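Since the structure comes first, as structure tokens, the remarks are kept for the end.
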Amino acid sequence: MVSAVSSDAGIPSVVLDSWTDFWLFRFFYNIAGYATIVIPGFLLIQYFRRRDYLETGHGICFPLVKSCVFGSELKSLHSEDASSSARNEATDPSTARQVLRLLFCAAGLQVSYLTWGVLQERVMTRTYGATDSSPGEKFKDSQFLVFMNRILAFTVAGLYCAVSKQPRHGAPMYKYSFASLSNILSSWCQYEALKFISFPTQVLAKASKVIPVMLMGKLVSSKSYEYWEYLTAVLISIGVSMFLLSNSTGKHPSTVTTFSGLVILAGYIVFDSFTSNWQDSLFKYKMSSVQMMFGVNLFSCLFTMGSLLEQGALFESVRFMARHPEFAVHAALLSVCSAFGQLFIFYTINRFGAAVFTIIMTLRQAFAILLSCLIYGHAVSLVGGLGVAVVFLALFLRVYARSRMKKRSRKAVLSEAPVQKV
């Protein structure tokens, strides 16, 4: 099966050497690989629970089984409360130092994720080893890139936990596997989508994930939302629609390819929405953000390595790296940017809160679209540019409204607090 798509409108060309290269086949093939680990693990957990192993177990394996299956059931305050209290305790009275820290965080996040975005598009849409006599070859296995990202993030988080004091861990380890699976699949979709749609389209679609996040919040955590959250979600939908429709009115890429890209992006948004909500529910246990990073990436390494070995894709990807040293450098830099970007995320939220972090990352998305258009030549029409502006206006309105609501709730708590008489 061979399918070719013109790249005139900024859509990368797609060539399928065989039906096994079709994205849907690879998606289910990867899931089958994860199932060979998930199903035996599920059966073992059920076995230990039926045996009441927590009461009857003993021996050298008991601590490991207890940690993986049962945990210590330690609960803590909600993560947002815990992080805000830590942030208040750590606040430096020096304004200059706080400004320098904020600039450090903003620079770290921008450099990490802008570099990551540029490299991601380079790896997934361009060839390696091209010469006058050979067109070169593209790297096709998105799962290997996910594995590379996760193994470095796992190592960095493990070293951080080893050298710094962390809360006593209480969550059953197996619970990280749910967030890990959805995180692997969302990352795979993110890489795979670039074979079918442009990077600016992907960035805008990711910005619109607040809508499925709200839906997942209602389904998973039974959350309720304010009217302004629904309003900004509608504005984001309108902006994304303007961008997509304006780009489809010019030179038409293959409908099948465009549809595949949008379906993969929808998969990314759904999986990523589940990941954030599941991680939020896990924070009821006493853990730090770096412990969360370690636990999720531990299972991610296990799942992706197992699947790659079963498919024989691990050694094929290593051979590709050996043939193309430039790709090896790009893959390594992708992993470094991803791992240290996560650390910058945790540090920024801990020091300055979620609102400041969201503003920095929203600016990063706008810069990412601009960089992609400059480096890779994506064209954006006037209507498409207005759509981008509407999306980012809605995101900033969302941050502003959320910060106002938090200030009001704090004032209400202070006004209701009893006055101590002296």
Side-chain angles (χ1 to χ4, degrees), residues 41 45 48-49 53-54 57 61-92 98 101-102 104-105 108-109 112 149-183 217 220-221 223 274-303 338-358 406 410 413:
I45 290 169
F48 286 124
R49 283 182 167 173
Y53 189 82
L54 195 59
C61 293
F62 178 75
L64 178 62
V65 174
K66 181 178 181 292
S67 174
C68 291
V69 179
F70 301 100
S72 58
E73 299 298 331
L74 291 175
K75 302 289 178 74
S76 69
L77 296 171
H78 191 272
S79 57
E80 212 171 272
D81 298 333
S83 63
S84 63
S85 62
R87 193 163 59 246
N88 291 335
E89 290 172 7
T91 300
D92 196 308
Q98 284 294 87
R101 280 193 183 129
L102 179 58
F104 171 73
C105 290
L109 286 167
S112 296
N149 291 353
R150 296 306 176 264
I151 197 165
L152 185 59
F154 166 69
T155 304
V156 169
L159 290 173
Y160 191 96
C161 289
V163 300
S164 63
K165 188 178 180 181
Q166 299 293 320
R168 184 186 169 193
H169 191 265
M173 288 297 293
Y174 82 89
K175 290 197 173 184
Y176 290 110
S177 64
F178 298 99
S180 174
L181 274 174
S182 58
N183 182 251
V220 177
S221 309
K223 290 182 180 178
F274 177 84
T275 302
S276 58
N277 278 282
W278 186 265
Q279 286 180 321
D280 189 53
S281 68
L282 273 182
F283 273 116
K284 67 184 178 183
Y285 295 97
K286 191 176 182 181
M287 70 172 69
S288 68
S289 297
V290 182
Q291 285 174 321
M292 172 74 78
M293 178 178 170
F294 178 84
V296 171
N297 284 299
L298 169 65
F299 280 98
S300 297
C301 291
L302 178 65
F303 290 139
S338 177
F340 284 93
Q342 288 184 55
L343 291 179
F344 273 111
I345 287 174
F346 300 143
Y347 183 78
T348 304
I349 292 174
N350 184 50
R351 281 283 175 182
F352 302 102
V356 172
F357 166 74
T358 305
K406 284 185 178 178
R410 284 196 199 107
V413 170

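Note that the coordinates shown come from a computational prediction; the quantities given were computed from them, not determined experimentally.
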>> For the residue pair Lys175 / Tyr285, report whether a side-chain donor-acceptor contact shorter than 3.5 Å exists.
In response: yes

>> Can you list everything that forms a side chain to side chain contact (heavy atoms under 4.5 Å, CB included) with Ser177? Sequence neighbours excluded, please.
In response: Phe299, Phe303

> How many angstroms lie between CZ in Phe178 and CG in Asn183, if you round to the nearest 0.5 Å?
Replying inline: 15.0 Å

> With Tyr347, which residues qualify under side chain to side chain contact (heavy atoms under 4.5 Å, CB included), at least two apart?
Replying inline: Arg101, Cys105, Arg351

> Which atom names give the shortest non-hydrogen contact between Ser112 and Gly108, and what distance separates them?
Replying inline: OG-O, 2.7 Å

>> Nearest 0.5 Å, please: how far is CD in Gln166 from OG in Ser288?
In response: 3.5 Å

>> Under a 3.5 Å distance rule, please check whether Ser180 uses its side chain to pair with a backbone N or O of Tyr176 as donor and acceptor.
In response: no

>> Just to verify, what does Leu109 make a side chain to side chain contact (heavy atoms under 4.5 Å, CB included) with, not counting sequence neighbours?
In response: Tyr113, Phe344, Ile345, Thr348, Phe357, Ile360, Met361

> Which residues satisfy the side chain to side chain donor-acceptor pair (under 3.5 Å) test with Asn149, sequence neighbours excluded?
Replying inline: Tyr191, Ser335

> CD of Gln342 to CG of Leu152: how many Å apart, nearest 0.5 Å?
Replying inline: 9.5 Å

> With sequence neighbours excluded, what pairs up with Ser338 under the side chain to side chain donor-acceptor pair (under 3.5 Å) test?
Replying inline: none

> Side-chain contact, heavy-atom cut-off 4.5 Å: Phe352 with Leu102?
Replying inline: yes

>> Rounded to the nearest 0.5 Å, what separates atom CG in Leu298 from atom CD1 in Ile151?
In response: 11.0 Å

> With sequence neighbours excluded, what pairs up with Ser276 under the side chain to side chain donor-acceptor pair (under 3.5 Å) test?
Replying inline: none

> Atom CE of Met292 and atom CD of Gln279: how far apart are they, to the nearest 0.5 Å?
Replying inline: 5.0 Å

> Can you tell me how far the CH2 atom of Trp278 sits from the CG atom of Leu181, to the nearest 0.5 Å?
Replying inline: 11.5 Å

> With sequence neighbours left out, what residues match Tyr160 under ring-ring contact (aromatic ring centres under 6.0 Å, His included)?
Replying inline: none

>> Ignoring hydrogens, what is the shortest heavy-atom contact between Gln291 and Lys286? Give both atom names and the distance.
In response: OE1-O, 4.3 Å

> Residues two or more places apart in sequence or in another chain: which of them pass ring-ring contact (aromatic ring centres under 6.0 Å, His included) with Tyr174?
Replying inline: none

>> When you compare the side chain of Cys161 with that of Val290, does any pair of heavy atoms fall below 4.5 Å?
In response: yes

> Which pair of heavy atoms, one from Val69 and one from Arg49, lies closest together, and at what distance?
Replying inline: O-NH2, 4.2 Å

> Near Phe62 CZ, under 6.0 Å, is it more than 12 heavy atoms from other residues, nucleotides or ligands?
Replying inline: yes

> side chain to side chain contact (heavy atoms under 4.5 Å, CB included) between Leu343 and Met293: does it pass, once the steps are laid out?
Replying inline: CA-CA 9 Å; Leu343 291 179; Met293 178 178 170; 4.1 Å; yes

> Listed by chain and number, what are the side chain to side chain contact (heavy atoms under 4.5 Å, CB included) partners of Ser289, not counting sequence neighbours?
Replying inline: Phe283, Phe346

